[in-house]
Structure formats: structure tokens, C-alpha cells
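To start, the structure under review is shown below, and the notes come after it.
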Amino acid sequence: MSLLEVYDLTHRFTDKTLYRNAGLQLFKGEHMGIVGQNGAGKSTLIDILTGALIPDSGTVKWQPGLKVGHLDQHAEIRGSDTIRAYLQTAFAELYALESRLNELYAEMAASGEYDKLEQAAKVQEKLESGDFYHVDSRIDKVAQGLGIQAMGLDRPIRELSGGQRARVILAKLLLEEPDVLLLDEPTNFLDQEHVDWLAGFLAGFDSAFILVSHDYHFLDKVTTCICDIEFESIRKYTGKYSDFVRQKEHLRKDYLRQYHAQQKMIEKTEAYIRKNIAGVNSRIAQGRRKQLERVERLAPPAFAHKPSFFFKEIPLTGELALSVKGLQIGYDRPLLPGLSFSVGGGEKVGITGFNGIGKSTLLNTLIGRIPAIGGQFRFAESVRIGYFEQELVWEDLETTPIRHIAEHYPRMPEKEIRRSLAQCGLNATLAAQAIGTLSGGEQSKVKLCRLVLSPCNFLILDEPTNHLDAETKEALMAALTGFKGSVLIVSHEHPFYRGWVDRVMKIEG
């Protein structure tokens, strides 16, 4: 019996159909990855499964009595709680049993009677079967694996950054050990060593999970099946991600053949109808029109339009592009000891370090958004910076990508703007939609479009791949590999940058 059944699922978002009569099944112990191009409806599917979103039609049927855990990065948490106190709430039932046990012993001690010993023994048995006396070591193990120990388990939640807070929420979810886990991009806020730990944890997870991730190396380590959202359908493949890729390539070629054959048939039939609808063959033409109306048309292959990026490079003179000496970064107080490093002209440097240590703060200091607390840094006079910010923050969520680009490049003709957006992977429909209705990956493509239109010779990139699909990542990697200027990139995805950066700088507290 399946844990989850989804059937006849149809849902539209704005004027785009995400699924049409689609379905999937999740069985006990399955480790399912959800993949698809940006905007295909991966996160929307998770929202439908949790009940946060009602589909236009279809049925979502969970097995009765299942405990389903969902990674909600925006969950409300009391800021005054310490990290340890919050993680202990994963075992709330066991702590309640402990309180009940203490009450029973207190009552017997006060009365001098031991008539409740049997009741106390049953509570004690439940505590032992729930492994209550190893709770602290279980918390410490998960906290260590996700890099939470380094924050200090006695630290109040309100002092955490967004990424740190998300990690704590993930830790609590893993400690709860539900029957089914629903995880939407859990690696976005993790460093590589913590991604590796999570991969090991999930690979050995006895229960089932459904995982949305753009980190395909991670998916390959943890999945036993893949559900691919494409052409308004959800197709399930058995095996890990690399097995799926091989099967998908074969099916894509077959789909393209069927699509083009159908288009040719439709064009030929429509031409016959136009020619004969008013002539002696009118009845035949009308019959063919009815036949054509009954044809279930294949969706256009979205993969036919792969994104491509070409940065507008300007010359970078001199051997030293950036010099940093004793730089202290932070807000009220320094986050780190003084940093000293340099970036040569045309040099590409990756920055790593655990989440919350100050990588984004460093980049924001270098671009002038945050004043330095101490020390100094200096860019060469010829440097022109191109900056990519990881946060998807917009002044106006109702504006369209076309208007957004036009506001920053008012002299650019609309035709050129549309062409640039299409080159970055946004078709005419998406380019005319409100930015607030786009997926995270589609919004990232708008930001990348703005970046490639900005003449520069020094790119500063903060987690540029967080929301991007595989094809867009490949296109961005190719563009950065060929970029002749300097690059400073913060990324948790080691496989993305290891082939083209000259060196990696690890920031440690």
C-alpha cells in the first residue's frame, strides 16, 4: 500500500499550466527526488502535498495516521528560546512523559502509599522504548552534523541569521523522525561538509522522503527514484539521479520526434481545412476539423530553449584587482579577526566557510553596502564591479522583468530587452509576468540578465546557483569559465566552482 497517492492533478499558476491530470505514488522507504526546469512547479507541488495550496483539481491522498514532517524555513519560533530548548521540542511527548513520571513519584512520596507504582512502570517503559535517556546525545549528533554546535546550543534563536535559523529548523525535523519527510531545497543554507553529512543521514533514513533540490550531486547520493515535472506531467523514474539522466535523454529525443511529427500533421490538416472549408470538399474539411479538435496536443518542448550568458567585459589593467588588509566586517561588532587577502587581475577566487560566519557580510562590505569596522580594502582604479545578490528582494513585486530591465537600461529598445531575457531563459510569457509570480529560479534569471547587461571586469557573486536548474547552471559555469576578468564567488556547491576557480579561500572564526 502506498503512503501517498496523487492522481488527476491539474493546476495553473497565472496563465501557465503546471500539471494536467498528473499523478505520483510514494511507497514505504522510497527516497524521492523532485526535479524539473525553473518554474515547472516543484515547490508548488510540495505546497499542494502539505495542504498549503489547494490545486485546481485532483486528489492528494495520504495513508491515514501518517506523521508527515515538512521543512518550513519560515516557521514561527520564539526568539527567546535557546537552540537546545527548541531542538528538545522534537521530543515533547517524551518530556511530557518524564514530567508525568515525576508527578507520580511525588504523589507517592507525599502520601506514603505506592499504589501508583504500576502506572509509573508503564510510563518508564514508554520512556525507555522512546530512547529518552539518549535524547541529548541524539541532539548533539545532529547539531554537530549540521554545523549547529559551532553556534552554541545555549544561544537564543533571535541572534541567528536566516541561514542559521533554517538549519536549526531542519535539525528539529530530522530529530522528529516522521514517517515521511518533505524537504524543499535543504542544502541552500548548508556548507559542503554539512551537505555531505545530510546526504549520509538521508541515504540511511529508514522512512520515506520527498526532496526538491537543484544540487544534483546531492540528489544522486540520496535518491532511489526521481519524479520529473515536464510537459505538464509528472513522470516517475526508478533509480538514482544519474540513472534518471540517462533515461531522460533517450525519452527527450523520442518526445521531440513525436512533437515535430504531430506539428507537421496539424499544419497539414489546417492547410487542408483552410483550402476546402468553403468548397466542394467542405464536409470532409469539417470532419477533419472535428478530428483535429479531439487531438491531445503535446506541449512544446521547453528544453529546446537553453539559456546562455555572455558578460559584457571591459579591460582590466594592472596585476592587482583587489587588496584587503586587516579588514574587520560586521554590524555592531566585528564578526571575524581582520581579513587580509588579494585578488589578482583575471584571478577567480572561491570563498567558503560555515553559514553565518560572515561571507555575505564580507561581499556587502566590499561593494560598499556596509561600512567596514576596521582595516581597509582597495580596488584597482580600472575595476568595474558586477554584483549578484543571493536574496530575492525586489522593490516592486508587481513589475515585470521587461519593465525591471527597462528601468535600469532606459535606452535599450524593448525588442533588445526581450531578446536578452530570452537568452537568459525567460520566454515572452514569463518576461511579461509580475516578478512576484515567478519561481525562485526564474527570478534569479532576471537578476542574471541584469548582470550580464552591466559592463564589468570584476564579478562578485553571492550564491548564484541557489535556485537554478541544471541547464542554467551549466550555462552560467561556461560563461564564468570564459570570463577574462576577476571573480569572487561565495558558493556552497563545490562541484559548481571547482573546475574553473584558481583557488579557494576558507573563512574560519
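These numbers come from the heavy atoms of this one structure, side chains and all, not from hydrogens, waters or symmetry mates. Note that the coordinates shown come from a computational prediction; the quantities given were computed from them, not determined experimentally.
- Annotation for K236: atom NZ counts as buried by contact number, over 12 foreign heavy atoms lying within 6.0 Å.
- Remark: side-chain polar atoms of E5 are not paired, donor with acceptor, to backbone N or O of T59 under 3.5 angstrom.
- In this structure a side-chain-to-backbone donor-acceptor pair under 3.5 Å is present from K348 to T481.
- Side-chain contact check for I169 versus I77: some heavy-atom pair is nearer than 4.5 Å.
- Environment of CD in E125: sparse, with no more than 12 heavy atoms of neighbouring residues, nucleotides or ligands closer than 6.0 Å.
- Using a 4.5 Å heavy-atom threshold, the side chains of L173 and L183 count as touching.
- By the ring pair (Phe, Tyr, Trp, His ring centres under 6.0 Å) test, Y216 pairs with Y241, sequence neighbours left out.
- The structure places SG of C456 at 14.0 Å from OH of Y387, a figure rounded to the nearest 0.5 Å.
- No more than 12 heavy atoms of other residues, nucleotides or ligands sit less than 6.0 Å from atom CD of E93.
- Of all non-hydrogen atoms in G29 and A208, the two that sit nearest each other are N-CB, 3.9 Å.
- If you check the side chains of Q390 and S360, you find a donor sitting under 3.5 Å from an acceptor.
- Contact check for D72 versus T50: no side-chain heavy atoms found under the 4.5 Å cut-off.
- Here OH of Y259 is found 8.5 Å from CG of L298. Values are rounded to the nearest 0.5 Å.
- At distances below 3.5 Å, at least one donor-acceptor pair connects side-chain atoms of T10 with backbone N or O atoms of N21.
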- Task: Please test F244 against T223 for side-chain contact (heavy atoms from CB on, under 4.5 Å), starting from the C-alpha separation and ending with a verdict.
- Result: CA-CA 10 Å; F244 150 74; T223 54; over 6 Å; no
- Task: For salt bridge (Lys or Arg N to Asp or Glu O under 4.0 Å), just list the numbers for D469 and K445, CA-CA rounded to whole Å, side-chain angles, deciding distance to a tenth of an Å, and then say yes or no.
- Result: CA-CA 10 Å; D469 55 43; K445 289 174 183 176; 3.6 Å; yes
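- Proximity of a side-chain donor or acceptor of E313 to a complementary backbone N or O of K484 within less than 3.5 Å is detected.
- In this structure the side chain of E30 never reaches within 4.5 angstrom of the side chain of I210, judged on heavy atoms.
- In this structure, S308 OG and E474 CD are separated by 13.0 Å, a value rounded to the nearest 0.5 Å.
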- Task: Before giving the answer on side chain to side chain donor-acceptor pair (under 3.5 Å), spell out for Q144 and D140 the whole-Å C-alpha distance, their side-chain angles and the decisive distance to 0.1 Å.
- Result: CA-CA 6 Å; Q144 181 68 35; D140 289 340; over 6 Å; no
- Could you go through the side-chain contact (heavy atoms from CB on, under 4.5 Å) check for L182 and V68 one step at a time? CA-CA 7 Å; L182 299 178; V68 179; 3.8 Å; yes
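- Listed here is the closest heavy atom pair of R297 and Q262: CA-OE1, 3.5 Å.
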- Begin from the C-alpha positions of R257 and D254 and carry the test salt bridge (Lys or Arg N to Asp or Glu O under 4.0 Å) through to its verdict. CA-CA 5 Å; R257 181 187 58 76; D254 188 53; 2.7 Å; yes
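- Counting only distance, with no hydrogens or angles, the side chain of Q443 and the backbone of L438 share a donor-acceptor pair below 3.5 Å.
- Of the listed residues (R12, K16, H11, R20), just one forms a side chain to side chain donor-acceptor pair (under 3.5 Å) with E232, and that residue is R20.
- Using cut-offs of 30° and 60° for the angle between ring planes, the F496 and W500 rings count as perpendicular.
- For the pair P464 and I489, the tightest heavy-atom approach, listed with the atom from each and the gap, is CG-CD1, 3.9 Å.
- When side chains are defined from C-beta on, L363 counts as touching V490, because their heavy atoms get closer than 4.5 Å.
- For the pair T82 (side chain) and A85 (backbone), a donor-acceptor distance under 3.5 Å is present.
- For the atom pair CD1 (I234) and CD1 (I34), the distance works out to 7.0 Å, reported to the nearest 0.5 Å.
- In this structure a side-chain-to-backbone donor-acceptor pair under 3.5 Å is missing from K221 to L202.
- Taking the side chain as every heavy atom from C-beta outward, L451 and L461 approach each other to under 4.5 Å.
- Residues L71 and D184 form no side-chain contact, since every pair of their non-hydrogen atoms from C-beta on lies 4.5 Å or further apart.
- Relative ring orientation between H31 and F205 is described as tilted, the plane-to-plane angle lying within the 30° to 60° band.
- Rounding to the nearest 0.5 angstrom, the gap separating the NZ atom in K172 from the CG atom in L146 is 14.5 Å.
- With sequence neighbours excluded, no residue forms a side-chain contact (heavy atoms from CB on, under 4.5 Å) with H250.
- Atom CG of residue N188 and atom OG1 of residue T465 lie 8.0 Å apart, to the nearest 0.5 angstrom.
- Nearest heavy atom pair, residue G33 against residue L219, reads CA-CD2, 4.1 Å.
- Here the closest heavy-atom approach between residue I148 and residue V168 is recorded as CD1-CA, 3.9 Å.
- Side chain of S454 to backbone of R450: a donor-acceptor contact under 3.5 angstrom is found.
- Counting only heavy atoms from C-beta outward, the side chains of L181 and S207 never approach each other to under 4.5 Å.
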- Item | From CA spacing to verdict: side-chain contact (heavy atoms from CB on, under 4.5 Å), W197, D191 | CA-CA 10 Å; W197 181 89; D191 309 307; over 6 Å; no
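- One finds a salt bridge joining E493 and K473 here, because a Lys/Arg side-chain nitrogen approaches an Asp/Glu carboxylate oxygen to under 4.0 Å.
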- Message: Test salt bridge (Lys or Arg N to Asp or Glu O under 4.0 Å) on R503 and E347; report intermediate values, then the result.
- Response: CA-CA 9 Å; R503 61 188 171 94; E347 186 179 21; 2.6 Å; yes
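- Judged purely by distance below 3.5 Å, without hydrogens or angles, the side chains of S439 and N38 never pair a donor atom with an acceptor atom.
- Pairs engaging residues 464-495 under the ring pair (Phe, Tyr, Trp, His ring centres under 6.0 Å) rule: F311-F483, H494-Y497 [sequence neighbours left out].
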- Item | Full working for side-chain contact (heavy atoms from CB on, under 4.5 Å) between V60 and L4 | CA-CA 7 Å; V60 176; L4 167 69; 3.9 Å; yes
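- Heavy atoms only, all atoms of each residue included: L190 and V195 are closest at CB-CG2, 3.7 Å.
- Not a single donor-acceptor pair under 3.5 Å links the side chain of D220 to the backbone N or O of H217.
- Although no hydrogens or angles enter the test, the distance criterion places a donor-acceptor pair under 3.5 Å between the side chain of S486 and the main chain of G346.
- A salt bridge (charged side-chain N to carboxylate O under 4.0 Å, His left out) with E230 is found for exactly one of K248, K42, R235, namely K248.
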